[in-house]
Student: 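Before anything else, here's the structure in question.
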Amino acid sequence: MKHCLITGGAGFIGSHLAERLIAKGNRVTVVDDLTTGRRENLDAIQDHPNFQLRVGSITDPVLLNDVVIGVDVIYHLAAAVGVKLVADNPVKTIETNIYPTELLLRLAALGGQRFFLASTSEVYGKNPKERWTEEDDLHFGSTSRPRWAYGCSKAIDEFLALAYQRKLGLQMVIGRFFNVVGPRQVGDYGMVVPRFVDQALDGGPVIVYDDGGQERCFAHVSDVVECIIKLTESDITVGGVFNIGSDQPVSILSLANKVIEKIDPSIETQFIPYREAYAEDFEDVRRRVPDTTRLESAIAMKPGRSLDDILSDIIRWKRELREQGKT
Ligand code: UDP
């Protein structure tokens, strides 16, 4: 049995990771300040004898020093997350995404814990390549555009993790998430799938930004969690950076159509320009597709659940919430 610390463990991905690690017989401590994370996400495990929740902020160095004691593995998922949230709170982004990561990395380098750093496909910025490999360049826009602050903050975290690995022998691995979706994801921070599902369950219209020709690959959180655990437990991944995502692109318009088809084919789609959805100077990423060769050769798996299956699972979850009066 390993003792695992998950920062951001009450969040969407973190809570699924916590459940999976408990199911595999590990002990899990979650640190979460419950700002974007929710206590209910941990309902299934909160009374489990191997589980503990510490409510507090990762910006509190005393708490961080305390929670790493006796821990074997650190999964660092806590972050100011989502492009919109980050663009609206630039100072909080730096405070949450950079300083605490540096402290945790230092503590893990000294304490010998294995470390998983959650990063993001946002680090590739607007790289025009068809498929992004981990060695590709980072193409950020100007610093006057707050959108790029999120990817930049995560790129700094990656540089820090790599530096601690090289200089102090930290046993770390980095995972770059590509549009992870599934039950418990909320649409408040711009996440397209829960938004489309809610809009359709409300009777529409489903609101597509721009012409809907922008493309994404959606991965189910259960697949992503499996990849995170395999990458962190493997001995051949140490010091590596890995894309974690589906490699099957879909346009946002066809995503909208699939959601509509599953819920009620009479629902309409409405198109709105980016400037109405985001700030005036917002730049979207047109296409975002990972190359998952490195991931597959390291752990012999990649997120593979079909979009159809993923959408059915999310719709089922949203309907259940509505039946319980929890929307
Ligand atoms: N999007 C949309 N309608 C929405 C929310 C998002 O058309 O209500 C589009 C958005 O412009 C982007 C894509 O869906 O091109 C994915 O957005 P999301 O915020 O989920 O993730 P991103 O990949 O941009 O980080």
Side-chain angles (χ1 to χ4, degrees), residues 11-13 36 79-88 93 97 118-128 131-132 138-141 145-155 176-221 224 243-260 263 267-290 303 307 310-311 314 318:
F12 159 54
I13 303 174
T36 52
V81 76
V83 166
K84 191 169 177 349
L85 183 81
V86 166
D88 293 344
T93 300
N97 289 8
S119 186
T120 167
S121 53
E122 273 289 309
V123 298
Y124 294 102
K126 49 187 171 176
N127 189 314
R131 263 170 212 274
W132 296 337
L138 315 186
H139 283 220
F140 295 123
R145 298 186 173 217
R147 189 217 203 278
W148 305 113
Y150 178 50
C152 252
S153 72
K154 282 295 182 179
R176 293 177 175 165
F177 300 151
F178 281 70
N179 293 81
V180 184
V181 295
R184 298 185 197 146
Q185 184 177 43
V186 290
D188 310 3
Y189 316 108
M191 311 301 184
V192 67
V193 175
R195 288 168 76 88
F196 280 3
V197 171
D198 272 332
Q199 288 161 356
L201 290 174
D202 287 340
V206 168
I207 302 183
V208 171
Y209 301 159
D210 199 50
D211 63 356
Q214 63 273 41
E215 288 173 290
R216 296 290 186 274
C217 301
F218 296 96
H220 194 281
V221 64
V224 168
N243 289 336
I244 305 181
S246 152
D247 58 1
Q248 302 295 312
V250 62
S251 76
I252 296 302
L253 179 57
S254 44
L255 174 73
N257 289 334
K258 280 180 201 293
V259 171
I260 289 171
I263 293 177
I267 286 170
E268 295 196 344
T269 306
Q270 188 186 325
F271 294 88
I272 68 165
Y274 285 128
R275 64 173 185 284
E276 271 177 41
Y278 304 102
E280 191 65 46
D281 57 358
F282 184 81
E283 284 178 85
D284 198 14
V285 173
R286 210 51 202 168
R287 184 180 154 93
R288 172 182 289 161
V289 183
L307 185 58
I310 292 173
L311 291 178
I314 295 169
K318 285 275 184 196

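We count ligands from 1, going down the list as the structure has it; atoms in each ligand are counted the same way.
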Student: Say whether Tyr209, considering both its backbone and side-chain N or O atoms, lies within less than 3.5 Å of an N or O atom on ligand 1.
Tutor: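 Yes, Tyr209 has an N/O under 3.5 Å of an N/O on ligand 1.
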Student: Any atoms of ligand 1 less than 4.0 Å from a non-hydrogen atom of Arg216? List them with their elements.
Tutor: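 Selected atoms, number and element: 12 (C), 15 (O), 16 (C), 22 (P), 23 (O), 24 (O).
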Student: Within a distance under 4.0 Å of any heavy atom of Asn179, pick out the atoms of ligand 1 and give their elements.
Tutor: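 Going through ligand 1 atom by atom, the ones under 4.0 Å from Asn179 are 21 (O), 22 (P), 23 (O).
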Student: Do Gln185 and Val197 come close enough that some side-chain heavy atom pair is under 4.5 Å?
Tutor: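 No. Closest side-chain heavy atoms not under 4.5 Å.
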Student: Suppose I only count heavy atoms of Ile207 and a 4.0 Å limit; which atoms of ligand 1 are within that range?
Tutor: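 Contacts of ligand 1 toward Ile207, numbered from 1: 2 (C), 3 (N), 4 (C), 7 (O), 8 (O).
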Student: For the residue pair Tyr274 and Tyr209, categorise the inter-ring angle as parallel (less than 30°), tilted (30 to 60°) or perpendicular (more than 60°).
Tutor: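 The arrangement is perpendicular - the two ring planes meet at more than 60°.
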Student: Applying a heavy-atom cut-off of 4.0 Å, say which part of Val192 lies close to ligand 1: side chain, backbone, both or neither.
Tutor: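 Looking at Val192 and ligand 1, atoms from backbone and side chain both fall under 4.0 Å.
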Student: Donor-acceptor pair, distance only, cut-off 3.5 Å: does the side chain of Lys154 make one with the backbone of Ala118?
Tutor: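 Checked: pair present.
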Student: Could you please spell out the steps behind the salt bridge (Lys or Arg N to Asp or Glu O under 4.0 Å) verdict for Glu283 and Arg145?
Tutor: CA-CA 8 Å; Glu283 284 178 85; Arg145 298 186 173 217; 3.4 Å; yes
Student: For ligand 1, which atoms, with element, lie under 4.0 Å from some heavy atom of Arg195?
Tutor: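 Matching atoms, with element in brackets: 4 (C), 5 (C), 8 (O).
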Student: Short question: side chain of Gln199, backbone of Ile207 - any donor-acceptor pair under 3.5 Å?
Tutor: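 Indeed, once roles are kept as given, a pair shorter than 3.5 Å links the two residues.
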Student: If we ignore hydrogens and angles and just use 3.5 Å, is the side chain of Ser121 paired with the main-chain N or O of Phe177 as donor and acceptor?
Tutor: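 Flag set: sc Ser121 to bb Phe177 pair under 3.5 Å.
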Student: Is it the case that over 12 heavy atoms from other parts of the model lie below 6.0 angstrom from the CZ atom of Arg286?
Tutor: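 Count over threshold, so yes.
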Student: Under 4.0 Å from any heavy atom of Arg288, which atoms of ligand 1 are there?
Tutor: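 In order of numbering, the contacting atoms are 22 (P), 23 (O), 25 (O).
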Student: Considering the heavy atoms of Val208, write down every atom of ligand 1 situated less than 4.0 Å from one of them.
Tutor: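 The list of qualifying atoms is 7 (O).
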Student: Output the list of atoms in ligand 1 that are nearer than 4.0 Å to some heavy atom of Tyr274, sorted by atom number.
Tutor: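 Answer for ligand 1: 11 (O).
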